[in-house]
Amino acid sequence: MNDQLKQIVAPLLEWYRRCARKLSWRSDPTPYRVWVSEIMLQQTRVEAVKPYYERFMEQLPTVQALAEAEEEKLLKLWEGLGYYSRVRNLQKAAKVVMKIYGGELPADFETLRSLPGIGEYTAGAIASIAFGKPVPAVDGNVLRVLSRVTESRRDILNSKVKKEFSEQLREIYPTDCAGDFTQALMELGAMVCVPNGVPLCEQCPLSHCCQAFLHQTMLELPVKAEKKPRKLKEKTVFVALDPQNRIAVQKRPDTGLLAGLWEFPNAEGALTREQAAEYWKNLGVCPGSIQKLRAAKHIFTHVEWKMSGYLVRLPQSVDQFVWVTKEELHGQYAVPNAYKAFLKVLAEVLG
DNA sequence: AAATCGGGGGG
DNA sequence: CCCCCAGATTT
């Protein structure tokens with residue numbers, strides 16, 4: 001039994017009950033509500049999730065509603081949140097829950113773990129928070145807290161390290177309030193034992209037993225492996241309008257980056273005005289005018305798009321694309337934030 | 001084990 | 001600029 005970690009349980013729970021934020025999914029932790037919140041919160045800050053969560057639960061309040069929803073509606077509800085495969089997997093899992101588990105989310109860790117989009121962390125989070133099972137849920141917050149409390153200098157991105165922290169936690173998990181303990185560890189990491197800048201150790205209920213605090217090594221921890229530089233991709237984006245000011249869009253492939261979302265016509269590389277004209281001629285239409293737009297860039301985790309842009313007016317639409325009004329685009333089509341600069345152009349041109 | 005998959009808030 | 005965020009899946 002891990003005596004060093006055992007002593008964090010009581011003070012952490014006391015602190016959590018005194019200081020926990022009031023969050024929508026905490027106030028009524030049904031399995032479905034916890035599940036949706038955990039998927040949205042993957043690699044995503046609480047503040048960013050809040051408005052998406054409220055809207056999602058309002059529109060799709062049950063597993064059945066989620067299972068039966070149109071894909072376009074799902075993507076629109078997720079628009080701007082990122083990591084869009086999350087919502088596809090969420091629905092895949094909802095369909096399995098309807099078909100195999102009678103519409104009720106399973107309570108067992110391994111069964112949860114088998115569902116699409118539910119990995120080690122999320123299975124532990126749902127099992128403990130929604131079902132009260134004494135199962136660890138180790139996310140970035142928890143790894144940071146444990147690295148500092150134990151003054152561990154091992155790489156927290158290493159899967160073996162993650163597993164060992166999880167095993168240590170398993171031994172000390174309270175059986176009567178597992179959900180509170182799961183959330184307390186994460187809450188401490190988010191509010192006190194923070195990642196950027198100086199942790200608020202004077203407020204921390206664990207400072208008395210935190211090895212990093214005792215040795216003043218908090219800022220050196222946790223240790224993470226170095227990340228690789230991102231690749232640069234040049235693109236040319238077309239804001240193309242037909243005589244009725246309808247906008248050309250296309251749906252991205254259903255795998256890969258931004259799968260299934262809608263985008264403006266675009267080509268690889270930084271095209272000159274002449275090459276831009278050629279692009280449209282090859283599609284069987286000669287542009288009435290081509291106006292160069294301000295360049296834009298968008299940074300993803302592993303790639304950066306450097307985008308040239310042209311406003312193109314066409315004498316007729318072409319079948320290659322879907323032609324939509326500005327209102328239709330905003331109301332029904334999920335467009336990734338990478339194209340925000342060109343959506344803005346649209347607003348300026350069309351009012 | 002490494003790569004892929006978004007977007008934004010804060011130092 | 002860089003960091004990291006209630007990670008999962010694929011290769």
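Model, not experiment: these values are computed from the prediction. Proteins get letters first, then strands, A, B, ... in listed order; numbering begins at 1 in each. When reading the values below, keep in mind they use all heavy atoms of this one structure, side chains included, and skip hydrogens, waters and symmetry mates.
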Heavy atoms from C-beta onward define the side chain here; which of [options] lies closest to that of [X]?
X: A:Gln42; options: B:dT4, C:dA8, B:dG7; result: C:dA8
X: A:Arg45; options: B:dG7, C:dC3, B:dG8; result: B:dG8
X: A:Arg230; options: C:dC2, B:dG8, B:dG6; result: C:dC2
X: A:Lys224; options: C:dA6, C:dC5, C:dC3; result: C:dC5

5' priority, DNA chain C, between A:Arg113 and A:Ala125 [closest heavy atom]: A:Ala125

Comparing A:Lys297 and A:Tyr83 on DNA chain C - which has the more 5′ nearest nucleotide: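 By nearest-heavy-atom nucleotide position, the 5'-most residue is A:Lys297.
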
Do any side-chain nitrogens or oxygens of A:Lys231 fall under 4.0 Å of OP1 or OP2 in B:dC5?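 No, A:Lys231 has no side-chain N/O under 4.0 Å of OP1/OP2 on B:dC5.
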
OP1 or OP2 of B:dA3 sitting under 4.0 Å from any side-chain N/O of A:Lys227? no

With a 3.5 Å cut-off and just heavy-atom distances, do the side chain of [X] and the base of [N] make a donor-acceptor pair?
X: A:Arg86; N: B:dC5; answer: no
X: A:Thr44; N: B:dG6; answer: yes
X: A:Thr122; N: C:dG7; answer: no

When you compare [N] with [M], how far apart are their [atom1] atoms, in angstrom units rounded to a whole number?
N: B:dC5; M: C:dC4; atom1: C1'; result: 16 Å
N: C:dC5; M: B:dG6; atom1: C1'; result: 12 Å
N: C:dA6; M: B:dG10; atom1: P; result: 13 Å

Report which part of the nucleic acid [X] touches: base, sugar-phosphate, or nothing (heavy-atom distance under 4.0 Å, all strands).
X: A:Gly256; value: sugar-phosphate
X: A:Trp78; value: nothing
X: A:Leu23; value: base
X: A:Ile118; value: sugar-phosphate
X: A:Lys162; value: nothing
X: A:Arg26; value: base
X: A:Val46; value: base
X: A:Glu120; value: sugar-phosphate

Should the pair A:Glu220-A:Arg153 be classified as a salt bridge under the 4.0 Å nitrogen-to-oxygen rule? yes

Are A:Glu120 and A:Arg113 close enough for a salt bridge, meaning some N to O gap below 4.0 Å? yes

Within 45° cone of A:Trp305 ring axis and under 6.0 Å: A:Lys235 NZ or CZ: yes

Both distances under 3.5 Å, Watson-Crick or G-U wobble: report the partner of B:dG9, or none. C:dC3

A:Lys228 NZ to B:dC5 C1', in whole Å, measures 17 Å

I want to confirm an ordering. Mapping A:Gly197 and A:Leu261 to their closest nucleotides on DNA chain B, which one lands closer to the 5' end? A:Leu261

5'-most by nearest nucleotide on DNA chain B - A:Ser85 or A:Ser159: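 The 5'-side residue here is A:Ser159.
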
With A:Tyr53 as reference, evaluate A:Trp78, A:Trp25, A:Trp35 under the ring pair (Phe, Tyr, Trp, His ring centres under 6.0 Å) test and give the passing residue. A:Trp25

If only side-chain N and O atoms count, and only distance matters, is there a donor-acceptor pair under 3.5 Å linking A:Gln332 with A:Trp262? no

Would you kindly confirm whether A:Tyr52 and A:Tyr83 end up in one hydrophobic cluster when ILVMFWY residues are joined by side chain heavy atoms under 4.5 Å apart?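 No; tracing contacts between hydrophobic side chains, which count when under 4.5 Å, never links both residues.
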
